[in-house]
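FYI, side chains are in, hydrogens and waters are out, and symmetry mates aren't considered; it's all heavy atoms of this structure. Note that this is a predicted model, so its numbers are computed, not measured.
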Amino acid sequence: MRHLTRTEDLSKEILEKLFRIADKIKKNPKKFANALSGKVVATLFYEPSTRTRCSFESAILKLGAGIVSTENARENASVTKGETLEDTIKMMSCYVDAIVMRHFENDSAVRAAAVSSVPFINAGSGSAGHPTQSILDAYTIREIKGHLDNLKVVVVGDLKYGRTANSLIKLLSMYGGLKLYALAPKGLELADEFHAIICKSFEDIPRDIDVIYQTRIQKERLPAGVKADSFTITKAVLDKFSENTLLMHPLPRVDELAIDCDSDPRAVYFRQAQNGIPTRMALLLMLLKRAE
Ligand code: NCD
């Protein structure tokens, strides 16, 4: 794997290798403090981000590499002068050893990787995908459950414009025995290609579900005039499920996830966000060492 543009670029073998490196980083982070010293990584963000950008930048710094960054690239980068994405990437490839990019267009990552002469990592491309989120999500499930096979998972929320649930489903489908359920507001349903069992309410979800993956309604991506109410998870809803059910969310949350869930040991979304560091460190190491 030279670039990570889509979750489909991953395989079970690559994932297992990434997870093992992430495990090692978690155990002994100091050992990796200079692993990428002398390298420079660009973080280009054309869409808002807190977790993804900050955890990538922290991961880069923790590996001893430097950063060149454009946080608000849609307004601040040369795109405002009319430069194409392809030209920006070709030029950035001359300055840095790897590029991490978030962009509002669905095909942006594939287009950028096609012209990048250094490893390219997709940090979210429109509603199409968010492969590094799916890596940290899967890593968190594996860390707690001990495996990724034979999981019973329900994805909830905006399954049409949200990119995280789609990416996670694609990743978990690489493992055997996934049983997938979906609960979405009308108009924001999951694509048929995923063959999920459709739920109409929380009551339709089996009590012993392994993972509830809640997501935000992507208001910024909804066509004008389209409104949707989320299926809100509160502590009372969570208490209908087994003590082994994990409650996950890529964050940021709005009103779909009540704060009264936070103190429940099954709520793992902050641990999930924390795992963005070792998993992104592992990915940077894997791609940059391969490129040497
Ligand atoms: C998600 C995203 O950007 O797709 N956030 C993240 O990266 N953790 C989810 C969202 O914005 O709803």
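Judged purely by distance below 3.5 Å, without hydrogens or angles, the side chains of Thr140 and Arg271 never pair a donor atom with an acceptor atom. Inspection of the Ser108 and Ser125 side chains reveals no N or O donor paired with an N or O acceptor under 3.5 Å. In this structure, a donor-acceptor pair under 3.5 Å is present between the side chains of Ser69 and Glu57.
Residue Asp210 forms a salt bridge (charged side-chain N to carboxylate O under 4.0 Å, His left out) with just one option from Lys145, Lys152, Arg142, and that option is Lys145.
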Q.
Pair Lys81, Asp87 - check salt bridge (Lys or Arg N to Asp or Glu O under 4.0 Å), show working.
A. CA-CA 12 Å; Lys81 299 181 186 171; Asp87 278 0; over 6 Å; no
| request: Step by step, work out the side chain to side chain contact (heavy atoms under 4.5 Å, CB included) result for Asn244 and Asp208. | output: CA-CA 7 Å; Asn244 298 317; Asp208 65 345; over 6 Å; no
- Message: Quick one, Val237 with Ile212, criterion side chain to side chain contact (heavy atoms under 4.5 Å, CB included). Give me CA distance, side-chain angles, the key distance, then yes/no.
- Response: CA-CA 11 Å; Val237 172; Ile212 302 172; over 6 Å; no
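Residue-environment remark: CZ (Phe270) exceeds the threshold of 12 foreign heavy atoms within 6.0 Å. Residue Lys26 qualifies as enclosed at atom NZ: its count of foreign heavy atoms under 6.0 Å is above 12. Taking a 6.0 Å sphere around CZ of Arg2, one finds it holds more than 12 heavy atoms contributed by other residues, nucleotides or ligands. For CD of Glu243, the number of neighbouring non-hydrogen atoms (other residues, nucleotides, ligands) closer than 6.0 Å is 12 at most.
Every residue two or more places apart in sequence or in another chain was checked for a salt bridge (charged side-chain N to carboxylate O under 4.0 Å, His left out) with Asp260, and none qualifies. Every salt bridge (charged side-chain N to carboxylate O under 4.0 Å, His left out) that Asp107 has, sequence neighbours left out, goes to Arg111.
A salt bridge links Asp239 to Lys235: one of the charged nitrogens lies within less than 4.0 Å of a carboxylate oxygen.
A cation-pi arrangement is found for Arg280 relative to Phe56, the charged atom lying closer than 6.0 Å to the ring centre and inside a 45° cone about the ring normal. The cationic atom of Arg266 (NZ for Lys, CZ for Arg) does not lie both less than 6.0 Å from the six-membered ring centre of Phe241 and within 45° of the ring axis.
Within the 4.5 Å cutoff, side-chain heavy atoms of Thr52 are placed close to those of His130. Inter-residue side-chain proximity for Pro131 and Asp9 is flagged as unmet; no heavy-atom pair is nearer than 4.5 Å.
The distance from the CD1 atom of Ile135 to the OG1 atom of Thr279 is 7.0 Å, given to the nearest 0.5 Å. To the nearest 0.5 Å, the span separating CE on Met286 from CZ on Arg290 amounts to 10.5 Å. Rounded to the nearest 0.5 angstrom, Ser58 OG and Leu63 CG are separated by 9.5 Å.
The backbone N or O of Ala112 sits nowhere less than 3.5 Å from a side-chain atom of Ser116 that would complete a donor-acceptor pair. Checking side-chain atoms of Asp97 against main-chain N and O of Val40 turns up a donor-acceptor pair under 3.5 Å.
Note: Phe120 and His3 have perpendicular aromatic rings, judged against thresholds of 30 and 60 degrees for the angle between ring planes. Note: His249 and Tyr269 have perpendicular aromatic rings, judged against thresholds of 30 and 60 degrees for the angle between ring planes.
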Enumerate, atom names and distances included, each donor-acceptor pair closer than 3.5 Å involving a side-chain atom of residues 225-233, sequence neighbours excluded.
unit_1: Ser230; atom_1: OG; unit_2: Asp255; atom_2: OD1; d: 3.4
unit_1: Thr232; atom_1: OG1; unit_2: Asp255; atom_2: O; d: 3.2

